[in-house]
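The structure under discussion appears below in the form of structure tokens.
Just so it is clear: chains get the letters A, B, ... in the order the sequence lines come, proteins before strands, and each one is counted from 1.
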Amino acid sequence: MMVSEILKDIIIENANNLFKIKIDKNIKLEIPPSKQMGDFAFPIGFNLSKELKQNPFSIVEKLSDNINSNQNLIKTEPARPGFLNIFLTNDFIKDLVKKNFEKENFDFPKKDRKVIIEFVSANPTGPLHIGHGRWAALGDSIARLLEKVGYDVYREFYVNDAGKQIENLKKTVVALRKGEQIPEDGYRGEYIKEAINEDNPHLYFLDQQKKTLERFNVFFNNFFHETQVYNNITHAIESLKAKGLIYERDGAIWFKSTEYGDDKDRVLIKSDGSYTYFAPDIAYHLTKIERGFDWIIDILGADHHGYVNRLSAAIKALSNREVRFSIIIGQLVNLFRDKEPVRMSKRTGDIITLDEVIDEIGKDALRYILVSKKASQSIDFDIEEVKRKSKSSPVFYIQYAFARINSILSKVGDYNLDTDNFSLDNMNNSERELLIEIIKFKDTIFQAAIDMEPHILANYLLNISGIFHNFYETSRVIDNGIVVEHRLFIIKAVSNVLKEGLKILGIESPEKM
RNA sequence: GUGCCAAUAGCUCAGCUGGAUAGAGCAAUAGCCUUCUAAGCUAUUGGUCAGAGGUUCGAUUCCUCUUUGGCACGCCA
């Protein structure tokens, strides 16, 4: 159980009994600005003051007395102007850590919900670039987070292997092979030459993309090819037609997407009889619905945000608004080389590939950079600056904490740690701080998962690592040859937290550095 | 022109559904290795939270306008 839930239950129960009013389960829990004030705090006096017609401080004063006389997990203190500050007792801390963090793979109860998350979905016309890397890192971590909190997660990559760009790619390769000039719509990057002898160059690039993703520690359950869906387009259009959402105008077939919140209707079949890009996309998303997913998540770059309304309209229409649909629009990665902007374009061939950056700074440092910022924030990525700073990357700070713990644990060796043997009384500040931070891990995971924001976890790991390094300086686990049991207990829990956290971010936990 | 995302320390970014003195990493300065890894620790320096209004007991957080930057506005993919 998450500590936030336990605390909320205590507060709500006491407030209900004391004031005889119903209290919202979503009361706000926060962290006080200073440790002396408490481990947690509820600004609950403000919320209740209107309803109870009392001043906020006297409310929390009464509530605090009531709570303190009713249970012994926590001690509370009222604080002006209306906060209820919470201190966990040592026994409660020990119990929480023991229950939740003594072993790895502590899990949340399984939910019976199937989620499909689609990400990367790059065109198979060249290598993945650093922008794709962001979606890869983000999507993979979100998938792992959702899995962690109990969802049944399916990862899918949509391969655009049916459009005009595939034709253009082929033409380019053929022209190169014959030594002719590259056609107007062709691709000009140097990398095209790698596929010069391929009959299906897009399959070559797809294969290359898969290898890149694999070394980036990003895996998919399925690569869904656009060509697979072409037979279903008629079916999709018929489904919309059955709902009265299809009409003909100017010789084209239109989808009445405005009925579901789009700002204008969209063409599905052009007047020349060919499909727009949107048509197979609808058919593809219909398969997601028909494959029985309860929740569809798409991760798209900001350059596709204009697409959100029509896609969302299609899904609402086809699922009768029953399937949950989330689109995460990630802002783009702006590339620089020593402060000079690099315009990435496959047409002109000026790109920085994901492989290149992984080679330069390593998978772990790159994944950390890409996932430590929230998706709605665009990233300025200066390849030269990142290279210079790669050795001081925050990711090593976290990994180093893990390696240090591992080193201690291997020195301790087999040690039969009995949690009944020691008490947590007389803890020093850094020991206590570390324990409180450990306890926050489950809430952090949950928050990051439901918000679909892995950066919350990334920041948490950096923070707890800092607390650990401080602990390391002040508190010896093996002191003059004797194992200090409660410290061993603490570092084992930290080790599990770091390992789990890094795993979710797709980052290694090296035992030595 | 319209819409979407943003603007916080010298740099890169956090700041959870509005709450108590705005944080971290990097960079800079000064210290710390005869006991578990110095990829570490401690201390110091550094912010009119783009600007102006508004809502509120309370605003970096919500609303409006302005400025600046990125992106998108096709019977392209």
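The side chain of A:His469 contributes no N or O atom lying less than 4.0 Å from OP1 or OP2 of B:A38. Residue A:Ser407 places no side-chain N or O under 4.0 Å from the OP1 or OP2 atom of B:C36. One finds a side-chain N or O of A:Gln377 lying less than 4.0 angstrom from the OP1 or OP2 phosphate oxygen of B:A14. The phosphate of B:C36 (OP1 or OP2) has no side-chain N or O of A:Arg487 nearer than 4.0 angstrom.
Residue contacts for A:Glu511: at a heavy-atom cut-off of 4.0 Å it reaches a base atom on one of the strands shown. Within 4.0 Å of A:Ser271, counting heavy atoms only, lies at least one base atom of the nucleic acid. Looking at heavy-atom distances under 4.0 Å, A:Ala403 makes contact with a base. Using a 4.0 Å heavy-atom distance criterion, A:Ser390 is classed as making no nucleic acid contact. As judged by a 4.0 angstrom heavy-atom cut-off over every strand, A:Asn406 is placed among residues making no nucleic acid contact. At the heavy-atom level, A:Asn85 lies under 4.0 Å from base atoms of the strands shown. Within the nucleic acid shown, A:Ser34 comes within 4.0 Å of at least one base atom, counting heavy atoms only. Contact annotation for A:Ile379: backbone-only contact, meaning every heavy-atom pair under 4.0 Å involves sugar-phosphate atoms and none involves a base. Among the heavy atoms of the strands lying under 4.0 Å from A:Lys374 are primed sugar atoms or P, OP1, OP2 only; no base atom is included. A:Ala41 comes within 4.0 angstrom of a nucleotide base, judged by non-hydrogen atoms across all strands. Within the nucleic acid shown, A:Arg249 comes within 4.0 Å of at least one base atom, counting heavy atoms only. Within 4.0 Å (heavy atoms only), A:Pro32 reaches at least one base atom of the nucleic acid. Backbone-only contact: A:Leu332 has heavy atoms under 4.0 Å from sugar-phosphate atoms and none from a base.
We find that A:Lys170 and A:Glu167 are not joined by a salt bridge, their nearest charged nitrogen and carboxylate oxygen being 4.0 Å or further apart. A salt bridge does not link A:Lys256 with A:Asp262: every distance from a Lys NZ or Arg NE/NH1/NH2 to an Asp or Glu carboxylate oxygen is 4.0 Å or more. Look at A:Glu453 and A:Lys374 and you find no salt bridge, because none of the NZ, NE, NH1 or NH2 atoms lies under 4.0 Å from a carboxylate O. Salt bridge present: A:Lys25 and A:Asp9 bring a charged side-chain N and a carboxylate O closer than 4.0 Å. Using a 4.0 Å cut-off between charged nitrogen and carboxylate oxygen, A:Lys440 and A:Glu437 count as a salt-bridge pair.
A syn base is found at B:C33: its glycosidic angle is within 90° of 0.
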Q) For every nucleotide of nucleotides 23-33 of chain B, 5' to 3': is a protein heavy atom under 4.0 Å from its base (B), only from its sugar-phosphate (S), or from neither (-)? A) -SSS-------

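No more than 12 heavy-atom neighbours from other residues, nucleotides or ligands sit within 6.0 angstrom of NZ on A:Lys35. Within 6.0 Å of atom NZ in A:Lys316, more than 12 heavy atoms from other residues, nucleotides or ligands are found, so the atom counts as buried in its surroundings.
Taking atom OH of residue A:Tyr368 and atom C1' of nucleotide B:U12, one finds them 12 Å apart after rounding to whole Å. Between A:Tyr307 atom OH and B:A77 atom C1' the separation is 9 Å, expressed in whole Å. Atom CD of A:Glu453 is separated from atom P of B:C13 by 16 Å (rounded to the nearest Å). Nucleotide B:U2 holds its P atom 18 Å from the CG atom of A:Asn309, rounded to whole Å. Remark: C1' of B:U42 and OH of A:Tyr472 are 16 Å apart, rounded to the nearest angstrom. Counting to the nearest Å, the P atom of B:C75 and the OH atom of A:Tyr277 are 16 Å from each other. Atom pair A:Lys512:NZ and B:G40:P shows a separation of 20 Å (rounding to whole Å applied).
One P atom belongs to B:A28, the other to B:G69, and the distance between them is 31 Å to the nearest Å. B:A7 sits 30 Å from B:A43 when the P atoms are compared, rounded to a whole Å. Between B:U44 and B:U48, the two C1' atoms lie 23 Å apart (nearest whole Å). Only the C1' atoms considered, B:A22 is 11 Å distant from B:A14, to the nearest whole Å. Here the separation of B:G40 from B:A24, taken at their P atoms, is 16 Å to the nearest Å. Going from the P atom of B:G54 to that of B:U60 covers 15 Å, rounded to whole Å. Between the P atoms of B:G58 and B:C11, the separation comes to 34 Å (whole Å). Nucleotides B:A9 and B:G23 place their C1' atoms 10 Å apart, quoted to the nearest Å.
Place A:His305 and A:Arg80 on RNA chain B by their nearest nucleotides, and A:His305 ends up nearer the 5' end. Nearer the 5' end of RNA chain B, as judged by each residue's closest nucleotide, is the contact made by A:Arg476, out of A:Lys264 and A:Arg476.
When each of B:U42, B:C13, B:C71 is scored by its nearest atom to the side-chain atoms of A:Asp380, the top-ranked nucleotide is B:C13. Comparing B:A77, B:C41, B:C36 by their nearest atom to the side chain of A:Lys164 picks out B:A77. In the set B:A20, B:A6, B:U21, the nucleotide with an atom closest to the side chain of A:Ser376 is B:A6. Each of B:G70, B:C75, B:C13 was ranked by its minimum atom distance to the side chain of A:Gln331; first place goes to B:G70.
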**Q.** A:Glu156 and A:Tyr284: CA distance, side-chain angles, deciding distance, side-chain hydrogen bond (donor to acceptor under 3.5 Å, both in side chains) verdict
**A.** CA-CA 11 Å; A:Glu156 196 158 86; A:Tyr284 170 48; 2.7 Å; yes

Q: Please test A:Asn160 against A:Tyr277 for side-chain hydrogen bond (donor to acceptor under 3.5 Å, both in side chains), starting from the C-alpha separation and ending with a verdict.
A: CA-CA 10 Å; A:Asn160 295 289; A:Tyr277 180 76; 3.2 Å; yes

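The one candidate from A:Ile192, A:Leu169, A:Ile166 that meets the side chain to side chain contact (heavy atoms under 4.5 Å, CB included) condition with A:Pro201 is A:Leu169.
Base pairing in RNA chain B yields stems of at least 3 consecutive Watson-Crick or G-U pairs, both distances under 3.5 Å, namely B:1-7 with B:67-73, B:10-13 with B:23-26, B:28-32 with B:40-44, B:50-54 with B:62-66.
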Protein and nucleotides 16-19 of chain B: nitrogen or oxygen contacts under 3.5 angstrom:
unit_1, atom_1, unit_2, atom_2, d
B:C16, O2', A:Gln447, NE2, 3.3
B:G18, O3', A:Lys28, NZ, 3.3
B:G19, OP2, A:Lys28, NZ, 3.1

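Aromatic pair A:His469/A:Tyr397: ring centres closer than 6.0 Å. Checked against a 6.0 Å centroid threshold, the rings of A:Phe83 and A:Phe57 do not count as neighbours. Aromatic ring centroids of A:Tyr460 and A:Phe441 lie under 6.0 Å apart. Checked against the 6.0 Å centroid threshold, A:Phe489 and A:Phe422 count as a close aromatic pair. For A:Phe87 and A:Phe40, the ring centers are positioned 6.0 Å apart or more.
Within the 4.5 Å cutoff, side-chain heavy atoms of A:Tyr247 are placed close to those of A:Asp265.
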